[in-house]
Amino acid sequence: MPRDYKTIQEVAGPLMLVRGVEGVTYNELGEIELSDGSRRRCKVLEIDEGNALVQLFEVSTGINMSSSKVRFLGRCMELGVSEDMLGRIFDGLGRPIDGGPEILPEKRMDINGLPMNPAARSYPEEFIQTGVSAIDGLNTLVRGQKLPIFSCSGLPHANLAAQIARQAKVIGSDEPFAVVFAAMGITFEEADFFMSSFRDTGAIDRAVLFLNLANDPAVERVSTPKIALTAAEYLAFEKDMHVLVILTDITNFADSLREISAARKEVPGRRGYPGYMYTELATIYERAGRQKGHKGSITMMPILTMPEDDKTHPIPDLTGYITEGQIILSRDLYRKSIAPPIDVLPSLSRLKDKGIGKGKTREDHADTMNQLFSAYARGKDAKELSLVLGEAALTDMDKLYARFADEFEKQYVSQGYDTDRSIEETLDIGWKLLGILPKSELRRIKDEYIEKYYKPYKDN
């Protein structure tokens, strides 16, 4: 039976110390009952010889240490899950905010979940079509993969996140597909954008949204991705659905960890972030994947803004260690009005080779992908050379490559946020652009594919 404690010793910001507790465990939920009968929630952060340090979910204003009492509930935070969650919008703690009724849960699940045993994992290898050429054609997403998007402050990663959430699908299959979308530390304006985007396009019907606002408590922000992944695990492994989880912005999540760590007076690590940030990120990312014996899967696309546009910052750095590649957004491309501004050369999907080819996308996909990378890299080099030495210093072939690079950015990478391209359209656009180059330059493509698909480029 839960006991009430009137032994609140200290309240400091979001933290509270309760003395003389018994049988209380780490991460256990608690309720604080104020003198006026109102209740606030808290979570145990630390236990030391009968003293419990708890984190408040709400503000500490109004807590009277002598008259308020604390009750520990004997369980960790749980989420009530049901298929009725599809089409609904929740706050960062899983409470409905769309004006609809409360969810009648089929079961309650611990939000901390359990990372998958590596021996129980199936290898990711099925193609997921996002409708975005720079991802589908060159940095392909496969089912069960963790593929983060590295953005910079001010870049339109929210537009890209909403586009992928609306358009993503498993092609050539009638298997059920769902999107779990979790936003952390966003503004009211961004929350309205996401809700409108999902509702206006009808994508809300197969989606579950969790929105944590910038003025919500930091401890709620830390819980939001875990709650979203709990919903995803239920849909994937209990209801056999293929689930795409989009988390934005992981940087806000990490900053909340730093805020809580500073309040606890812990010794800071790199850039002031706690030393356990790697563990926290890993426990989130490693909940994605495919399990043997289960039809469903969880594919994850976390989005993070790199502080000071620095790829070596601890958040993108640690994320890169745990995940299987990265999609990088470029400020230079954004200035050129390329939308989405995906810089394909430093971007990488480590599992792309497993999800492409005959029976998955098209037999020419791997060859054209390699050729497009090569031609674009050489075209960018030619453009840089012309800036230094002038266009007269370029050979005729260099000028062709420079033209290819320009057209590649305008036609292949830039497609806007409302265009949903099939993989066949993406591959056909690639072949159209390769027509700028003579056949003799297509050294990375088999002759049989050149004969079948190659046509000299014609201006529209």
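What you see below is based on every heavy atom in this structure, not just the backbone, and it leaves out hydrogens, waters and symmetry mates. In this chain, residues are counted from 1 in sequence order.
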Please tell me if the side chains of [X] and [Y] come closer than 4.5 Å, counting only heavy atoms from C-beta onward.
| X | Y | result |
| --- | --- | --- |
| Leu141 | Met301 | yes |
| Phe150 | Leu329 | no |
| Arg287 | Glu233 | yes |
| Ile260 | Val222 | yes |
| Val180 | Leu244 | no |
| Leu281 | Tyr285 | yes |
| Arg40 | Phe57 | no |
| Arg403 | Tyr457 | yes |

Stepwise side-chain contact (heavy atoms from CB on, under 4.5 Å) test for Met306 and Thr251: CA-CA 8 Å; Met306 299 179 287; Thr251 300; over 6 Å; no
Around atom [atom1] of [X], are there more than 12 heavy atoms of other residues, nucleotides or ligands at under 6.0 Å?
| X | atom1 | result |
| --- | --- | --- |
| Asp447 | CG | no |
| Phe373 | CZ | yes |
| Leu387 | CG | yes |
| Tyr321 | OH | no |
| Lys226 | NZ | yes |

Spatial distance of atom [atom1] ([X]) from atom [atom2] ([Y]) [nearest 0.5 Å]:
| X | Y | atom1 | atom2 | value |
| --- | --- | --- | --- | --- |
| Thr312 | Asp310 | OG1 | CG | 3.0 Å |
| Ile186 | Asp216 | CD1 | CG | 9.5 Å |
| Thr248 | Leu304 | OG1 | CG | 9.0 Å |
| Leu138 | Ser133 | CG | OG | 8.5 Å |
| Phe127 | Thr140 | CZ | OG1 | 6.0 Å |
| Ile171 | Thr361 | CD1 | OG1 | 7.5 Å |

Any chance the side chains of [X] and [Y] put a donor and an acceptor closer than 3.5 Å?
| X | Y | value |
| --- | --- | --- |
| Gln145 | Ser349 | yes |
| Ser223 | Glu220 | no |
| Asp255 | Tyr273 | yes |
| Gln129 | Asp136 | no |
| Glu83 | Tyr234 | no |
| Ser330 | Asp332 | no |
| Glu407 | Tyr412 | no |

Salt bridge (Lys or Arg N to Asp or Glu O under 4.0 Å) between Glu363 and Lys446, intermediate numbers included: CA-CA 11 Å; Glu363 76 276 7; Lys446 293 176 183 173; over 6 Å; no
Stepwise salt bridge (Lys or Arg N to Asp or Glu O under 4.0 Å) check, Glu424 with Arg362: CA-CA 8 Å; Glu424 288 78 16; Arg362 207 166 73 183; over 6 Å; no
Any sub-3.5 Å donor-acceptor pair from [X]'s side-chain atoms to [Y]'s backbone N or O?
| X | Y | value |
| --- | --- | --- |
| Asn370 | Ala366 | yes |
| Asp98 | Ile89 | yes |
| Arg221 | Ala214 | yes |
| Thr299 | Gly144 | yes |
| Gln415 | Gly131 | yes |
| Thr319 | Ile315 | yes |
| Ser82 | Met85 | no |
| Arg350 | Thr323 | yes |
| Lys169 | Gln167 | yes |
| Glu31 | Arg41 | no |

Residue list, side chain to side chain contact (heavy atoms under 4.5 Å, CB included) with Ala182, at least two apart or on another chain: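 In terms of side chain to side chain contact (heavy atoms under 4.5 Å, CB included), with neighbours along the sequence ignored, Ala182 is linked to Phe210, Thr224, Ala228, Leu247.
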Set of residues satisfying side chain to side chain contact (heavy atoms under 4.5 Å, CB included) with respect to Pro156, sequence neighbours excluded: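 Partners of Pro156 by the side chain to side chain contact (heavy atoms under 4.5 Å, CB included) criterion, ordered by chain and then number, come out as Asn159, Tyr334, Pro341, Tyr417.
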Working for side-chain contact (heavy atoms from CB on, under 4.5 Å), residues Gln55 and Leu15: CA-CA 5 Å; Gln55 169 91 37; Leu15 301 180; 3.5 Å; yes
From CA spacing to verdict: salt bridge (Lys or Arg N to Asp or Glu O under 4.0 Å), Asp406, Lys383: CA-CA 9 Å; Asp406 285 333; Lys383 288 176 66 179; 2.5 Å; yes
Candidate pair Thr426 and Arg421, rule side chain to side chain donor-acceptor pair (under 3.5 Å), full reasoning: CA-CA 6 Å; Thr426 291; Arg421 289 179 181 166; 5.3 Å; no
Full working for salt bridge (Lys or Arg N to Asp or Glu O under 4.0 Å) between Lys336 and Glu409: CA-CA 9 Å; Lys336 295 182 189 177; Glu409 289 175 359; 3.2 Å; yes
Non-hydrogen atoms of Leu73 and Glu28 that approach each other most closely: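 For Leu73 and Glu28, the tightest heavy-atom pair comes out as N-OE2, 3.6 Å.
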Over all atoms of both residues, closest heavy-atom pair of Asp343 and Lys380: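 Minimum heavy-atom separation between Asp343 and Lys380: OD1-NZ, 4.2 Å.
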Candidates Arg271, Lys311, Arg270 - the one meeting salt bridge (charged side-chain N to carboxylate O under 4.0 Å, His left out) with Asp317: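 Only match with Asp317 under salt bridge (charged side-chain N to carboxylate O under 4.0 Å, His left out): Arg270.
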I'd like to know if [X] pairs up with [Y] as an ion pair, taking the criterion as any Lys NZ or Arg NE/NH1/NH2 lying under 4.0 Å from an Asp or Glu carboxylate oxygen.
| X | Y | result |
| --- | --- | --- |
| Glu286 | Arg121 | yes |
| Glu425 | Lys432 | no |
| Glu126 | Lys354 | no |

Output field: ring centroids Phe198/Phe181 closer than 6.0 Å: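 Yes, the ring centres sit under 6.0 Å apart.
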Test of ring centre spacing under 6.0 Å for His294 and Phe237: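 Between Phe237 and His294, which both carry aromatic rings, the centre distance is below 6.0 Å.
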Residue from Thr230, Ile298, Val208 passing side-chain contact (heavy atoms from CB on, under 4.5 Å) with Leu235: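 That would be Val208; it is the only one of Thr230, Ile298, Val208 passing the side-chain contact (heavy atoms from CB on, under 4.5 Å) with Leu235.
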